[in-house]
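Report on the following structure.
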Amino acid sequence: MTATCQYSFRKATLDDLDMLRAWQSHPHVREWWDEDAPYDEAELADPRVARWIVSIAGRPFAFMQDYTVHGWKDHHFAHLPKRSRGIDQYIGEPEMICAGHGSAFISTRLRALFEAGAPVIATDPHPDNERAIAVYKKLGFERSGPPQETQWGLIVPMLAKA
């Protein structure tokens, strides 16, 4: 990967479900991502969550979502300021991992979210997901508490501020 790489983000659609299923079947994704069917029409239309297909040079290779942390009752990031967003993502194409793409496309999306007015961006990797935690630290996220059990599983809360 070079510094001149350009990442594009387009809204995920029902036409992407087969690709998302294929990506979620890979062991490197299944290890950290829910194995359920990727989404249905109602989930893709949920205004609380923006779901993205990430591409480089026109080639889709990753999935990312950002969401309002105030959209669910008792969300573990609900204490954050209004307009704060949470993020989750994975690289679906195995040959694209460990090449710097993760930190690069996440950084691109973080800039867009901060420019859109998000005061804080939160993420919640599993405490054993050392690769993700290292990427988040590299991008300026800091741990904001000890690991905790949530309705989505065991997480370590991490925050980045504008």
| Considering only heavy atoms from C-beta outward, does the side chain of Val54 approach that of Ile91 to under 4.5 Å? | no
| message | Around atom CD of Gln151, are there more than 12 heavy atoms from other residues, nucleotides or ligands closer than 6.0 Å? | response | yes
| query | Under the 3.5 angstrom rule, does the side chain of Glu31 hit a backbone N or O of His28 as a donor-acceptor pair? | reply | no
| field | Reference residue Phe63; test ring-ring contact (aromatic ring centres under 6.0 Å, His included); the match among Tyr90, Phe9, Trp23 | value | Tyr90
| field | Student check: side-chain heavy atoms of Lys161 and Pro119 closer than 4.5 Å | value | no
| said: Under a 3.5 Å cutoff, is there a donor and acceptor pairing between the side chains of Tyr7 and Thr108? | reply: no
| query | How about Ile97 and Arg131: do any of their side-chain heavy atoms sit closer than 4.5 Å? | reply | yes
| said: Between His70 and Arg83, is there a side-chain heavy-atom distance shorter than 4.5 Å? | reply: no
| task | Would you check, one step at a time, whether the test side chain to side chain contact (heavy atoms under 4.5 Å, CB included) holds for Thr68 with Phe77? | result | CA-CA 9 Å; Thr68 175; Phe77 290 128; over 6 Å; no
| At what distance, to the nearest 0.5 angstrom, does CD of Gln24 lie from CE of Met19? | 11.0 Å
| side chain to side chain contact (heavy atoms under 4.5 Å, CB included) between Ile53 and Leu20, intermediate numbers included | CA-CA 9 Å; Ile53 301 299; Leu20 292 171; 3.9 Å; yes
| field | Exercise: identify the closest heavy-atom pair between Pro60 and Glu93 | value | O-CG, 4.0 Å
| message | Looking at Arg10 and Asp16, is any side-chain nitrogen of the basic one under 4.0 Å from a carboxylate oxygen of the acidic one? | response | yes
| Taking it one step at a time, do Glu41 and Leu44 satisfy side chain to side chain contact (heavy atoms under 4.5 Å, CB included)? | CA-CA 5 Å; Glu41 190 169 1; Leu44 288 175; 5.9 Å; no
| field | Lys73 NZ: over 12 foreign heavy atoms closer than 6.0 Å | value | no
| query | From Ile106 CD1 over to Gln89 CD, what is the distance, rounded to the nearest 0.5 angstrom? | reply | 3.5 Å
| field | Non-hydrogen side-chain atoms of Asp124 and Thr150 separated by less than 4.5 Å | value | no
| task | Kindly indicate whether the side chain of Met64, heavy atoms from C-beta on, has any atom under 4.5 Å from the side chain of Asp88. | result | no
| Ile121 and side chain to side chain contact (heavy atoms under 4.5 Å, CB included): which partner among Leu80, Val69, Ile87? | Ile87
| Heavy atoms, side chains only, cut-off 4.5 Å: are Leu154 and Pro127 in contact? | yes
| said: Checking Ile133 now: which residues fulfil side-chain contact (heavy atoms from CB on, under 4.5 Å) with it, not counting sequence neighbours? | reply: Pro125, Lys137, Arg143, Val156, Met158
| field | From OG (Ser144) to NE2 (His76), nearest 0.5 Å | value | 9.0 Å
| field | Trp52 side chain to Asp66 side chain, donor-acceptor N/O pair below 3.5 angstrom | value | yes
| task | List in chain and number order the residues that pass ring pair (Phe, Tyr, Trp, His ring centres under 6.0 Å) with Tyr67, two or more places apart in sequence or in another chain; answer none if no residue qualifies. | result | Trp72, His75
| request: Would you kindly say whether Ser107 and Arg111 are connected by a side-chain donor-acceptor distance under 3.5 Å? | output: yes
| Does the side chain of Ile155 come within less than 4.5 Å of Gln148's, by heavy atoms? | yes
| Taking a hydrophobic cluster as the set of Ile, Leu, Val, Met, Phe, Trp and Tyr residues connected by side-chain heavy atoms closer than 4.5 Å, whether directly or through intermediates, do Phe114 and Phe105 fall within one such cluster? | yes
